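To find a chain, count down the sequence lines: A is the first, B the second, and so on, and within it residues start at 1. Model, not experiment: these values are computed from the prediction.
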2 protein chains.
Amino acid sequence: MDKTLAVLKAISDKNRLRILSVLLVHEELCACQITEFLKVAGATASRHLSQMVNAGVLENRKQGRWVYFRLNRDESSLAPLFKWINRKVENTTQVTQDLKALEKILCVPCENLSRKQRNGGHCAKV
Amino acid sequence: MDKTLAVLKAISDKNRLRILSVLLVHEELCACQITEFLKVAGATASRHLSQMVNAGVLENRKQGRWVYFRLNRDESSLAPLFKWINRKVENTTQVTQDLKALEKILCVPCENLSRKQRNGGHCAKV
DNA sequence: ATATTAATTAGCCATTTGGCTAATCATGAA
DNA sequence: TTCATGATTAGCCAAATGGCTAATTAATAT
């Protein structure tokens with residue numbers, strides 16, 4: 001049950017649940033895009049993402065300088081959980097806002113994103 | 001999504017997940033029985049139980065001096081979550097142990113249980 | 001009425017968590 | 001090779017969490 005507990009802990013934080021929620025809609029997102037819509041420092045987003053990967057909730061792949069994250073669809077036992085979360089969070093104001101913000105972010109290539117580190121945690125203009 | 005987050009937080013602690021796990025098997029348990037199998041102080045069990053009730057995961061009813069807790073089956077949207085948890089935790093060593101301990105505890109009437117407060121957090125002989 | 005007792009609440013403490021900045025690692029560009 | 005840059009790690013701090021004991025509340029039993 002420790003494995004299950006790890007999964008639950010990985011999604012029972014506000015920002016991590018927000019990450020999961022948008023990945024239920026967008027197949028794959030770059031760390032910099034996630035950093036951007038969460039409006040937290042890059043290091044903070046990175047740590048949340050690591051926790052989710054370690055728990056087996058997310059998978060990632062590196063492509064050049066960027067790391068892309070997606071739900072772990074290989075672990076089929078997670079599917080019912082994802083489905084449940086989806087039903088619960090879709091159309092909530094938080095997730096609606098996040099998806100809207102992401103729309104704008106996705107219009108900008110990653111090269112122009114991720115200025116948070118240099119900007120001291122504040123969001124880049126998109 | 002805050003409601004969903006509250007539910008997730010309510011079950012993403014080891015002891016609270018243990019409580020949920022045994023309530024998937026035993027329809028209803030008294031606070032003193034839960035205190036007993038968790039082997040924590042009564043106050044600690046009580047606080048965990050309150051959190052789960054507040055999040056809507058558990059319901060309780062008072063009967064005399066005892067308070068009985070059970071899963072909230074009224075909220076039908078929780079059913080898939082309970083089902084998922086059940087599949088994940090059943091037959092894990094932790095839950096198996098807990099259920100075994102509960103078997104013995106259930107043989108003892110509540111009157112003879114719950115000596116933890118007086119015993120300084122240590123378990124009564126059953 | 002008084003004592004007993006299950007449960008809860010209050011108050012304390014140690015640990016964990018989540019945020020930040022700064023430093024480091026790793027990859028592509030000049 | 002050297003520089004720029006996205007991601008991660010390290011180190012720090014404030015807030016939240018989970019444990020305990022002691023005090024309080026609510027109900028039964030004497």
Side-chain angles (χ1 to χ4, degrees), chain A residues 5-6 8-19 29-36 38-55 58-69 105 108-124, chain B residues 5-6 8-19 28-36 38-55 58 60-69 105 108-124:
Chain A
L5 194 56
L8 290 172
K9 280 180 189 291
I11 64 175
S12 61
D13 165 82
K14 176 108 179 193
N15 283 338
R16 292 196 295 272
L17 184 56
R18 289 171 68 197
I19 292 170
L29 290 172
C30 173
C32 64
Q33 298 167 329
I34 290 169
T35 297
E36 187 68 29
L38 285 181
K39 298 201 191 310
V40 294
T44 301
S46 178
R47 202 157 43 78
H48 281 308
L49 289 164
S50 302
Q51 288 176 61
M52 298 177 81
V53 169
N54 286 335
L58 299 187
E59 288 179 328
N60 60 4
R61 77 186 166 87
K62 189 159 195 170
Q63 179 175 314
R65 266 174 300 181
W66 293 278
V67 179
Y68 290 90
F69 294 85
I105 293 168
V108 182
C110 285
E111 288 82 358
N112 302 352
L113 228 51
S114 291
R115 313 195 171 278
K116 288 197 171 48
Q117 290 278 1
R118 323 191 264 297
N119 290 3
H122 295 302
C123 197
Chain B
L5 194 56
L8 290 172
K9 280 180 189 290
I11 64 175
S12 60
D13 166 82
K14 176 110 179 190
N15 283 337
R16 292 196 295 272
L17 185 56
R18 289 172 68 197
I19 293 171
E28 199 172 57
L29 290 173
C30 173
C32 64
Q33 297 167 328
I34 291 169
T35 297
E36 188 68 27
L38 285 182
K39 299 201 192 310
V40 294
T44 300
S46 178
R47 201 156 46 77
H48 281 307
L49 290 164
S50 303
Q51 289 176 61
M52 297 177 81
V53 169
N54 287 335
L58 299 187
N60 60 4
R61 76 185 168 87
K62 188 158 195 170
Q63 179 176 313
R65 265 176 301 180
W66 294 278
V67 178
Y68 290 89
F69 295 85
I105 292 168
V108 181
C110 285
E111 288 80 359
N112 302 351
L113 230 49
S114 292
R115 313 196 171 277
K116 288 197 171 48
Q117 291 279 2
R118 323 190 263 298
N119 289 3
H122 295 302
C123 196

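Distance NZ (A/K14) to P (C/dG19): 12 Å, rounded to an integer number of Å. The nearest whole Å value for the distance from the OH atom in A/Y68 to the C1' atom in C/dT27 is 14 Å. Distance, A/E36 CD to D/dA7 C1': 15 Å, rounded to whole Å. A/N60 places its CG atom 13 Å from the P atom of C/dT27, with the value rounded to the nearest Å. Distance, B/Q33 CD to C/dT5 C1': 16 Å, rounded to whole Å. Atom-to-atom, CG of A/L29 to P of D/dG6 comes out at 17 Å; the value is rounded to the nearest Å. Between the NZ atom of A/K39 and the P atom of C/dG19 there is a distance of 15 Å, rounded to whole Å.
Listed by chain and residue number, A/D98 satisfy the salt bridge (charged side-chain N to carboxylate O under 4.0 Å, His left out) test with A/R18 (two or more places apart in sequence, or in another chain). Partners of B/R16 under the side chain to side chain contact (heavy atoms under 4.5 Å, CB included) rule, at least two apart in sequence or in another chain, are B/D13, B/H48, B/Q51, B/M52. Partners of A/L49 by side chain to side chain contact (heavy atoms under 4.5 Å, CB included), not counting sequence neighbours, listed by chain and number: A/I19, A/A31, A/I34, A/L58, A/F69. Residues passing the salt bridge (charged side-chain N to carboxylate O under 4.0 Å, His left out) test with B/K14 are A/D2, sequence neighbours excluded.
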Short N/O separations, protein against nucleotides 14-19 of chain D, under 3.5 angstrom:
from   : atom 1 : to    : atom 2 : distance (Å)
D/dG18 : OP1    : B/D13 : OD1    : 3.2
D/dG18 : OP1    : B/R16 : NH2    : 3.3
D/dG18 : OP2    : B/R16 : NH1    : 3.2
D/dG19 : OP1    : B/N15 : ND2    : 2.7
D/dG19 : OP2    : B/H48 : NE2    : 2.1
D/dG19 : N7     : B/R47 : NH2    : 2.6

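Summarising the geometry, atom OH belonging to B/Y68 is positioned 9.5 Å from atom CG belonging to B/L29; distances are rounded to the nearest 0.5 Å.
When all heavy atoms of B/L5 and A/S12 are compared, the pair lying nearest together is CD1-C, 3.7 Å. The two atoms that bring A/L17 and A/I11 nearest to each other are CB-O, 3.7 Å, heavy atoms only. Across all non-hydrogen atoms, the minimal contact from A/T35 to A/A45 is OG1-CB, 3.4 Å. Among all heavy-atom pairs drawn from B/A55 and B/A6, the shortest one is CB-O, 3.6 Å.
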Contact string for nucleotides 24-30 of chain D, one letter per nucleotide 5' to 3', B = base within protein heavy-atom range under 4.0 Å, S = sugar-phosphate only, - = neither, reads --SSSS-
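Between A/A45 and B/F69, the residue anchored nearer the 5' end of DNA chain C, judged by the nucleotide with its closest heavy atom, is B/F69.
Picking from C/dT9, D/dT9, D/dA7 the nucleotide with the shortest atom distance to the side chain of A/A43 gives D/dT9.
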